[in-house]
Amino acid sequence: MKEAARRNLRIDGQRLMGRIEALGRIGALAGGGVCRLALTDEDRQGRDLVVGWMRELGLDVAVDRLGNVMGVRPGREEGPPVIMGSHIDTVATGGLYDGALGVLAGLEVVNLLNDSDIETKRPVAVAFFTNEEGSRFHPDMMGSAVHQGLLDAEEVLATVGLDGAVLADDLARIGYAGEAPVGNMRAHAYVELHIEQGPVLDKEGVTIGAVTGVQGIFWTEYVIRGVDNHAGTTPMSDRHDAGHVAARLAVEARLAAMEAGPGQMATVGRMELRPGLTNVVPGEAVIRTDLRNIDGEGLAATQERLIAFLHEAAAKEGCTAEWRPLARFAPTPFDAGLVDLIERSAQDLGHSVKRMPSGAGHDAQMFASNCPTAMIFVPSKDGISHNTNEYTSPEDIEAGGNVLLRVLLETAE
Ligand code: HGY
Ligand code: MN
Ligand code: MN
């Protein structure tokens with residue numbers, strides 16, 4: 001196809017929005033938003049819908065042992081594919097776009113290649129990975145981490161979720177315990193279109209983000225044990241209140257982040273007190289922290305500060321404490337050449353573009369050490385995500401899809 005004709009190619013934005021809305025109806029929440037937690041029936045329905053679209057587009061679909069799904073379109077030559085991927089599981093209060101945009105934009109690019117009778121030199125693939133959100137089973141980015149050899153498949157399959165389910169059983173239950181081996185699939189390159197999920201592009205009125213890398217992520221679980229006791233009869237000086245230690249640790253996490261400076265994030269999104277009754281001093285507390293920083297040393301230093309604080313606060317309360325890492329993902333830079341290509345493609349298409357790091361974790365960070373990898377961001381209205389009000393305009397979605405198309409055409413030749 002002549003260069004000029006290729007440069008005029010554009011995706012069908014309406015068709016892409018149609019697929020986003022159709023997938024969004026699976027797990028739709030009454031007041032708006034989506035809940036498609038990994039390995040639930042809603043996840044199965046979403047998977048079935050996307051696999052159906054993959055097959056309609058003539059992709060050769062493979063499901064690996066972790067339930068990662070890869071649809072491959074052959075190229076003129078054999079060899080590792082250029083992968084356009086992301087995820088279709090959501091958090092419990094999710095939106096239409098987080099993850100789904102990257103997968104369905106990849107399908108739209110394939111749809112356009114088919115419509116335009118374009119055969120790329122290299123194979124092209126569209127993929128979605130199991131349990132990117134890590135909501136029921138820790139850690140997040142689980143499927144892509146195993147896919148790229150960063151987590152062990154057997155260990156991950158044996159993971160017990162927050163609700164007591166075993167990952168391998170749930171995978172089999174929803175019919176996605178695949179046959180394809182996992183952990184050795186090499187890609188020629190990996191490109192992911194994703195909503196920014198933060199405020200930068202929206203605030204600055206910029207349409208495209210050329211993502212330079214992802215910050216490091218540490219998830220840690222702490223279990224504190226004291227003595228269950230009566231809330232009315234137990235003198236304050238005689239308590240071994242595990243809940244009090246957990247609450248102090250949550251405050252310390254915030255303090256540590258504020259004192260470490262603007263690059264350090266710290267979140268306590270879940271705390272369980274047992275027995276969890278108003279009139280019983282909690283004898284056990286489980287608390288988890290999500291620490292992030294683009295600076296690996298700063299991230300490790302903050303984690304060490306929390307562990308030291310945990311032991312000190314527990315000892316003071318006459319409690320015992322233990323902790324275990326749930327995720328240790330290092331800060332990940334993306335491929336400079338691909339970031340340049342994203343920036344150039346956006347400019348060529350007449351869109352404003354900004355180089356920026358990603359605050360959120362993504363499947364892309366699991367590929368970055370194995371092949372040239374980069375991400376394209378589009379704005380999140382008011383910087384909101386992991387929230388049922390998550391919104392990105394159809395115009396910005398179409399712009400992101402066209403940049404993905406350009407990058408794919410260049411990378412697959
Ligand atoms: O945790 C994250 O940043 C991603 O949304 N899983
Ligand atoms: Mn995501
Ligand atoms: Mn997410």
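Order of listing sets the numbers, starting from 1, for every ligand and every atom in it.
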D48 versus Y176, side-chain donor and acceptor atoms under 3.5 Å
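Checked: Y176/D48 side chains pair up, N/O donor to acceptor below 3.5 Å.
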If we count only N and O atoms by modelled type, under 3.5 Å, do the side chains of T289 and Y222 hold a donor and an acceptor together?
yes
Of all N/O/S atoms in E133, the name of the one nearest the Mn ion (ligand 3):
OE2
For residues I224 and L310, report the shortest heavy-atom separation together with the two atoms involved.
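Heavy atoms only, the tightest pair is CG1-CD1, 3.8 Å.
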What do you reckon, is CZ of R10 surrounded by more than 12 foreign heavy atoms closer than 6.0 Å?
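Yes, the 6.0 Å shell around CZ holds more than 12 heavy atoms from other groups.
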Flag yes if more than 12 heavy atoms outside E179 fall under 6.0 Å of its CD atom; otherwise flag no.
no
Could you check whether the rings of W219 and H138 sit parallel, tilted or perpendicular, using 30° and 60° as the cut-offs?
perpendicular
At less than 2.8 Å, would any N/O/S atom of H87, backbone or side chain, sit next to the Mn ion (ligand 2)?
yes
Please state whether the separation between the Mn ion (ligand 2) and some N/O/S atom of D98 is under 2.8 Å?
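D98 does place an N, O or S atom closer than 2.8 Å to the Mn ion (ligand 2).
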For the side chain of Y190 and the backbone of G85, is there at least one donor-acceptor N/O pair under 3.5 Å apart?
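Pair found, side chain donor or acceptor close to backbone of G85.
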Strictly under 4.0 angstrom, heavy-atom based: which residues surround ligand 1?
E132, E133, D140, M141, R292, A360, G361, H386
